[in-house]
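One structure is given here, and the rest of the page talks about it.
These figures come from a predicted structure and were not determined experimentally.
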Amino acid sequence: LGGFEDLKNPFDVEFEPIHHPEKGGMILTENLTYNCLSGDLTAAETKEWKCPFCQMEDEMTPLDRLHHYVKCMEGEEVEKLKKQLLDEEDSRRTGDPRYKEYSCDNCDRTLRLTPIEILKHKKNCRS
């Protein structure tokens with residue numbers, strides 16, 4: 001299958017990709033054939049790509065990128081990215097004078113919010 005034998009199908013893990021006998025390429029789902037126009041899967045267009053989760057950079061085909069993306073999303077990388085984004089948001093809000101510290105009695109949380117966000121939080125946190 002043109003060098004993609006060891007990759008899992010990023011579109012449907014239950015569906016085993018097979019070579020399309022007429023069009024070329026790989027049948028990835030009932031309705032999707034990948035790389036059927038080029039005829040040779042090894043000639044698929046590669047380009048430089050940076051994973052938004054693990055920050056790995058490499059030249060990859062679209063299918064390689066999808067495979068890596070799905071694999072990365074399943075692991076700890078998602079949790080690391082979420083934590084990093086929260087930390088960056090917290091540090092940004094700490095240095096910005098528009099954000100005030102607000103202690104919510106309903107949810108027992110201390111948040112850094114703008115006055116408008118404080119009103120929205122009060123309205124939504126009346127549980």
>> Using every non-hydrogen atom in the two residues, find where Thr46 and Glu59 come nearest and quote the distance to one decimal.
In response: OG1-OE1, 3.5 Å
> Is the side chain of Asp96 donor-acceptor paired with the backbone N or O of Arg98 at a distance under 3.5 Å, no angle test?
Replying inline: yes
> Taking ILVMFWY side chains as joined if any heavy atoms are under 4.5 angstrom apart, and letting links pass through other members, which residues group with Ile118?
Replying inline: Tyr102, Leu111, Leu113
> Can you list the residues that meet the side-chain hydrogen bond (donor to acceptor under 3.5 Å, both in side chains) rule with Glu30, with sequence neighbours excluded?
Replying inline: none
> Are the side chains of Gln55 and Lys50 in touch, meaning some heavy atoms are under 4.5 Å apart?
Replying inline: yes
> Nearest heavy-atom pair of Asn106 and Cys125: which atoms, and what distance?
Replying inline: ND2-O, 2.6 Å
> Rounded to the nearest 0.5 Å, how far apart are CE of Met60 and CG of Leu66?
Replying inline: 10.5 Å
> Between Arg92 and Glu89, does at least one N-O distance fall below 4.0 Å, as a salt bridge requires?
Replying inline: yes
>> Quick one, His20 with Met26, criterion side-chain contact (heavy atoms from CB on, under 4.5 Å). Give me CA distance, side-chain angles, the key distance, then yes/no.
In response: CA-CA 6 Å; His20 195 289; Met26 288 173 53; over 6 Å; no
> So do Phe15 and Ile27 actually touch side chain to side chain, heavy atoms under 4.5 Å?
Replying inline: yes
> What residues form a salt bridge (Lys or Arg N to Asp or Glu O under 4.0 Å) with Arg65, not counting sequence neighbours?
Replying inline: none
> Which pairs with one or both residues in residues 101-116 pass salt bridge (charged side-chain N to carboxylate O under 4.0 Å, His left out), sequence neighbours excluded?
Replying inline: none
>> If the condition is side-chain hydrogen bond (donor to acceptor under 3.5 Å, both in side chains), which residues does Lys83 pass it with, not counting sequence neighbours?
In response: Asp87
> Who passes side-chain hydrogen bond (donor to acceptor under 3.5 Å, both in side chains) against Lys47, sequence neighbours left out?
Replying inline: none
> Can you tell me how far the CD atom of Glu117 sits from the NZ atom of Lys100, to the nearest 0.5 Å?
Replying inline: 12.5 Å
>> Between Met56 and Asp58, is the side-chain contact (heavy atoms from CB on, under 4.5 Å) condition met? List the steps.
In response: CA-CA 7 Å; Met56 181 201 79; Asp58 199 4; 4.1 Å; yes
> Should the heavy atoms of other residues, nucleotides or ligands under 6.0 Å from CD1 of Ile116 be counted, would the total exceed 12?
Replying inline: no
